[in-house]
Asker: 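Here's a structure for you.
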Amino acid sequence: MTEIYKFIVNGRSISVDTDGTTPLLSVLREDLSLRGSKFGCGAEQCGACMVLIDGKPECACSREVAAVAGRTVTTVEGLSDNGALHPLQSALLDEQAGQCGYCLSGILISAAALLASNPDPSRPEIIAALDPHLCRCGIHNRVIRAVQKAGAAMAGARR
Amino acid sequence: MISNALPQSLVDNPLLSQWIAFTEPGRVRVGSGKVEIGQGILTALTQIAAEELDVRPDQINLVSGQTDISPAEGFTSGSYSVAVGGASIRLVCAEVRSLFLDRAAEALHCPAHELTIEDGRVLRAGKDTGCDYWSMAGAIELERRASGTAPVKRPSTYKVVGKHLPRLDLPAKVAGTGFIHDIAPENVMHSRVLRQPWRGAHLAALDENAVRKAAKAPIDILREGEFVAFTSNSEIAVMRAAEAARTVARWEGGTPPPDTAGTPAWLKTQVSRDKTTDIGKPGCASPGRAVEASYSRPFLTYGSIATSCALAEYTGGELKVWSHTQGPAVLRDWLAQALGLPAAQVTVHHRQGAGAYGHNTADDAAFDASFIAMRHPGRMVRVQWPREDEFAAAPISPAMSIKLRAVLDADNKPADWSIELWSPPHAQRPGMNGNSNLLGAEALPNFPPQKELKDVPDERGGGATRNAVPIYDLPNHRMIHHLLPKVPMRTSSLRGLGAWANVFAIESFVDELAEAAGIDPVTYRLSLLSDPRPRRVLETAARMSGWFEQGPLGEGRARGFGFARYKNLASFAAVVVEIEVEEEIRLRKFWCAADAGLVIAPDGARNQLEGGIIQGASFAMREQVRFEDGRSAIRSWEDYPILRFSDIPEIEIELIDNPDEPTLGLGEASIGPTGAAIGNALARALGKRIRDLPLTRDRIMATLLAE
């Protein structure tokens with residue numbers, strides 16, 4: 001049984017005709033061709049599929065699409081502004097905070113949510129926000145430095 | 001000195017034209033058979049090529065792992081990529097530059113030494129001559145054998161190598177793009193394969209109606225032997241089908257492993273092929289104090305954050321495959337063999353996946369996609385493995401048991417030393433031992449009998465024997481290697497191979513000897529090292545951490561030291577850790593000193609050392625593959641916890657500057673010393689040693705309660 005579900009993705013109104021139990025991740029990647037959010041485990045255990053739902057980081061892999069109807073979703077594609085990198089993306093590059101990079105799109109989402117509510121987070125606060133994310137290459141310290149740097153850059157830009 | 005002897009990659013791909021082309025104006029196409037697996041190799045190779053050719057890095061178009069146009073360079077593994085692949089590119093580029101300079105000198109009627117190259121343009125006395133690589137390319141035949149004799153640049157003149165060049169692949173990755181998983185051709189056919197839960201398992205029953213119902217959309221079911229694949233235009237449909245099939249499939253026969261698989265006692269009951277290797281005259285030392293201890297490590301898995309993915313299309317007798325394999329040319333040959341196609345009709349295109357920390361399921365996924373594509377000619381088939389299979393059906397890194405024994409002389413130095421190892425083989429990549437080693441092929445009817453398994457030969461660094469011989473000054477050494485070639489699970493390579501356990505065991509044992517002698521463990525190690533190069537690494541780590549100045553840290557806190565030269569021929573790394581122990585280990589800080597000879601990409605090198613420390617700490621503290629009901633008990637991250645952000649302390653790295661020494665492989669160097677440092681710190685904090693990995697809360701509690 002399919003139905004039409006309407007929601008907002010990266011500022012765009014979307015309507016998809018699908019089975020309501022389809023995972024949001026599947027809709028994003030397959031129906032909307034937004035492939036920045038990754039499949040990692042399908043069980044909310046690794047964070048590779050993290051997206052913002054109404055501004056809050058949530059795993060898209062096991063969230064059913066029916067549950068996001070009428071809500072606002074932001075993916076990594078929605079972080080950059082007309083091709084200009086989000087300060088977090090620039091900071092990740094500055095710190096060379098990546099090896100394989102598969103975990104980064106999810107981490108960016110959680111970090112963006114953190115900085116939106118706390119522009120100058122401490123190391124423990126960053127760790128707490130990023131703890132749902134697994135990284136196997138071992139770039140954790142670089143990511144933490146990048147989040148601090150992005151926070152400072154965003155504060156500077158607001159001044 | 002950088003050696004001018006031909007590296008293996010250049011022996012295998014001798015023509016300059018296999019490596020380099022000037023087809024696009026202003027750009028240089030450089031080929032490599034080495035592939036990006038998250039380690040930054042494409043950036044390092046680009047730096048080497050740009051340096052020797054005198055072009056900017058952004059003028060290099062590195063074409064990696066395309067079997068129709070890139071050189072064939074075996075597997076990207078063993079920390080060989082810069083040392084062997086990079087050395088080949090260096091020699092080729094130096095020779096090409098020299099050929100072009102000679103030709104320009106002829107055309108300009110001047111001696112070649114008056115000419116220089118900048119951004120690919122030939123200059124004389126700093127002025128443009130009108131000659132460049134592209135204008136001269138038509139006149140210079142590159143289809144000639146590399147001589148390897150052209151002069152390479154001196155490291156002191158380097159402008160690109162050894163300097164910071166940001167990773168070339170990261171801009172795409174911070175945008176969430178650039179992965180094989182994101183390739184989405186029109187009209188693609190999605191597929192998932194049902195895996196045998198153990199080797200040789202026969203599918204006794206599969207309720208196909210239940211599977212179709214669970215899919216919620218039309219699917220096709222392909223069955224041949226024990227190979228079952230679900231295909232559909234909808235990815236979610238085949239994901240649901242595979243999940244349902246895993247639940248309803250009934251399996252029988254085969255060789256399910258017992259729950260005890262991996263314990264030292266189980267390892268010692270396995271069929272064994274034994275080999276003794278002596279250095280000096282072991283057993284001849286005068287009688288002295290003997291010390292003996294046994295260590296063990298469990299089965300491990302690489303635990304990549306992505307699951308494996310592949311695409312394949314079979315059209316007009318030609319098979320095209322897209323894979324994140326570590327060995328595109330080897331995969332092409334063995335896919336061809338397993339599928340009964342001529343190798344010339346198979347092309348493998350490397351595309352990036354998540355990190356490969358060892359032999360993962362990339363090649364298996366490529367086989368799945370290829371086999372299914374051949375049953376659906378003209379359709380592009382895409383396979384992505386479910387997380388459960390990525391854990392439970394992946395090759396695993398062998399459990400090992402290690403016994404060490406030393407006889408100490410009057411100065412407390414080992415006069416006699418022996419190591420005895422029990423381990424399944426550490427390498428079963430495609431083609432090894434003459435077997436295809438592609439999981440899906442095992443499930444097909446008429447799967448050929450498998451040739452006998454061997455371990456990685458010692459001249460390639462060994463498998464179980466990797467780092468089994470310490471680099472300390474030992475007059476006599478005996479190694480007894482029990483290779484266990486018949487274990488019922490698929491064992492293969494994980495970052496460091498046997499070095500992971502051997503360095504843990506040896507460096508723990510050296511601490512035990514130092515303790516027996518009442519000597520500081522770093523001082524004791526230095527007393528066993530006459531070679532100034534490793535001494536400097538130890539001394540640097542000691543200085544960075546204030547090892548000798550640090551007084552007692554208080555209840556439950558301690559520092560530990562670990563050191564090794566990876567494979568005894570790659571990079572040197574010493575690691576110091578500070579920990580705090582209550583019920584479990586809490587990491588407080590790492591310091592690491594390393595000597596990798598000439599470092600091509602300094603930040604990349606640091607990134608690899610940091611990553612190795614975190615992975616090594618995770619192996620040491622958390623990780624273990626267990627078996628239950630005849631199959632792997634690992635199906636999710638809950639079953640296989642790894643270190644997280646909240647576990648990871650700050651890490652300080654110092655690379656010892658050694659630019660006139662050849663580049664040494666570094667990607668695996670910090671892992672073993674990290675495990676050993678944690679084990680040694682734990683022993684000091686508890687006053688009692690745990691010799692079996694992982695160093696979990698359960699083991700720590702049991703040790704504390706035993707007192």
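A, B, ... follow the sequence lines: proteins, then strands. Residue 1 opens every chain.
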Asker: B/Phe391 versus chain A, heavy atoms under 4.5 Å apart: side chain, backbone, both or neither?
Answerer: neither

Asker: Identify which part of B/Pro171 has an atom lying under 4.5 Å from any heavy atom of chain A, answering side chain, backbone, both or neither.
Answerer: both

Asker: Where on A/Leu34 is there a heavy atom nearer than 4.5 Å to chain B: the side chain, the backbone, both, or neither?
Answerer: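 Contact with chain B is absent: no heavy atom of A/Leu34 under 4.5 Å.
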
Asker: Identify which part of A/Ser37 has an atom lying under 4.5 Å from any heavy atom of chain B, answering side chain, backbone, both or neither.
Answerer: neither

Asker: Evaluate the side-chain proximity of A/Glu30 to B/His190: yes if any heavy-atom separation is below 4.5 Å, no if none is.
Answerer: yes

Asker: Could you check whether any side-chain heavy atom of B/Ile305 comes within less than 4.5 Å of a side-chain heavy atom of A/His133, counting everything from C-beta outward?
Answerer: no

Asker: Rounded to the nearest 0.5 Å, what's the gap from OG on B/Ser646 to CD1 on A/Ile126? Could you check?
Answerer: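 Between atom OG of B/Ser646 and atom CD1 of A/Ile126 there are 14.0 Å.
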
Asker: Determine, stepwise, if the pair B/His181 / A/Lys38 fulfils side-chain contact (heavy atoms from CB on, under 4.5 Å).
Answerer: CA-CA 8 Å; B/His181 308 81; A/Lys38 306 297 179 210; 5.6 Å; no

Asker: Quick one, B/Val174 and A/His86 - any side-chain contact, counting heavy atoms below 4.5 Å?
Answerer: no

Asker: If you count heavy-atom pairs under 4.5 Å between each of A/His140, A/Arg35, A/Arg29, A/Glu77 and chain B, which one has the most?
Answerer: A/His140

Asker: With chain B as the partner, which of A/Ser80, A/Ala43, A/Cys135, A/Cys103 has the greatest number of non-hydrogen pairs under 4.5 Å?
Answerer: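 The option with the most such pairs is A/Cys135.
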
Asker: Shorter than 4.5 Å, heavy atoms on both sides: which option in A/Gly36, A/Ala128, A/Gly42 has the most such pairs with chain B?
Answerer: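 Of A/Gly36, A/Ala128, A/Gly42, A/Gly36 has the most heavy-atom pairs under 4.5 Å with chain B.
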
Asker: Assess the residue pair B/Leu643 and A/Arg136 against the criterion (side-chain contact (heavy atoms from CB on, under 4.5 Å)); give the C-alpha distance rounded to whole Å, side-chain angles, the decisive distance to 0.1 Å, and a yes or no.
Answerer: CA-CA 9 Å; B/Leu643 291 193; A/Arg136 188 57 158 164; over 6 Å; no

Asker: Considering non-hydrogen atoms only, spot the tightest contact between A/Ser26 and B/Ile236 and give its length.
Answerer: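 Minimum heavy-atom contact is OG-CB, 3.7 Å.
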
Asker: Taking the side chain as everything from C-beta on, heavy atoms only, tell me whether A/Pro132 gets closer than 4.5 Å to B/Phe645.
Answerer: no

Asker: Please look at A/Ala48 and chain B and tell me whether the side chain, the backbone, both or neither of the residue comes under 4.5 angstrom of a heavy atom of that chain.
Answerer: side chain

Asker: Tell me which of these, B/Ile614, B/Leu170, B/Asn607, B/Ile648, has more heavy-atom pairs under 4.5 Å with chain A than the rest.
Answerer: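 When all of B/Ile614, B/Leu170, B/Asn607, B/Ile648 are compared, B/Asn607 has the most.
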
Asker: What option among B/Gly303, B/Gly178, B/Gly40 has the most heavy-atom pairs under 4.5 Å with chain A?
Answerer: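 Of the options given, most contacts go to B/Gly303.
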
Asker: Using non-hydrogen atoms only, which part of A/Asn141 is less than 4.5 Å away from chain B: side chain, backbone, both, or neither?
Answerer: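 Side chain of A/Asn141 only, per the 4.5 Å heavy-atom cut-off to chain B.
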
Asker: If the test is side chain to side chain donor-acceptor pair (under 3.5 Å), which one of B/Gln39, B/Lys173, B/Glu610, B/Gln608 qualifies with A/Gln99?
Answerer: B/Gln608

Asker: Give, for atom SG of A/Cys41 and atom CH2 of B/Trp637, the distance between the pair rounded to the nearest 0.5 Å.
Answerer: 8.5 Å

Asker: Are a donor atom and an acceptor atom from the side chains of A/Thr22 and B/Lys216 found within less than 3.5 Å of each other?
Answerer: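 Their side chains do not contain a donor-acceptor pair, so the 3.5 Å distance test is not met.
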
Asker: Between B/Arg606 and A/Glu95 (salt bridge meaning N to carboxylate O under 4.0 Å), is one present in this structure?
Answerer: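 Answer for the salt bridge query: no.
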
Asker: In terms of heavy-atom pairs under 4.5 Å, which option from B/Glu235, B/His164, B/Arg240 contacts chain A the most?
Answerer: B/Arg240

Asker: Can you confirm whether B/Lys589 is buried at NZ, in the sense that more than 12 heavy atoms of other residues, nucleotides or ligands lie under 6.0 Å from that atom?
Answerer: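 Yes, NZ of B/Lys589 has more than 12 neighbouring heavy atoms, counting only those of other groups under 6.0 Å.
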
Asker: Side chain, backbone, both or neither: which part of B/Ser234 has an atom under 4.5 Å from a heavy atom of chain A?
Answerer: neither

Asker: Looking at every heavy atom in both A/Gln45 and B/Ser636, which two are closest together, and how far apart are they?
Answerer: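 Answer, listing the atom of A/Gln45 first, then B/Ser636: OE1-CB, 3.4 Å.
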
Asker: A side-chain contact here means heavy atoms from C-beta on lying under 4.5 Å apart; do A/Arg123 and B/Glu650 qualify?
Answerer: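 Of all side-chain heavy-atom pairs linking B/Glu650 with A/Arg123, at least one is under 4.5 Å.
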
Asker: Any idea which heavy atoms bring A/Gly40 and B/Arg387 closest together, and the distance?
Answerer: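 Closest approach of A/Gly40 to B/Arg387, heavy atoms only: O-NE, 2.9 Å.
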
Asker: Looking at chain B, which one of A/Leu92, A/Leu79, A/Leu134 has the largest number of heavy-atom pairs inside 4.5 Å, strictly under?
Answerer: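 Ranked by heavy-atom pairs under 4.5 Å with chain B, first place is A/Leu134.
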
Asker: Do you know which two heavy atoms are closest between B/Gln384 and A/Tyr102, and how far apart they sit?
Answerer: NE2-OH, 4.1 Å

Asker: Kindly give the heavy-atom pair with the smallest separation between A/Ser105 and B/Gly176, and that separation in Å.
Answerer: CB-CA, 4.2 Å

Asker: Could you go step by step and tell me if A/Arg142 and B/Asp603 meet the side-chain contact (heavy atoms from CB on, under 4.5 Å) rule?
Answerer: CA-CA 11 Å; A/Arg142 288 167 178 255; B/Asp603 186 66; 3.0 Å; yes

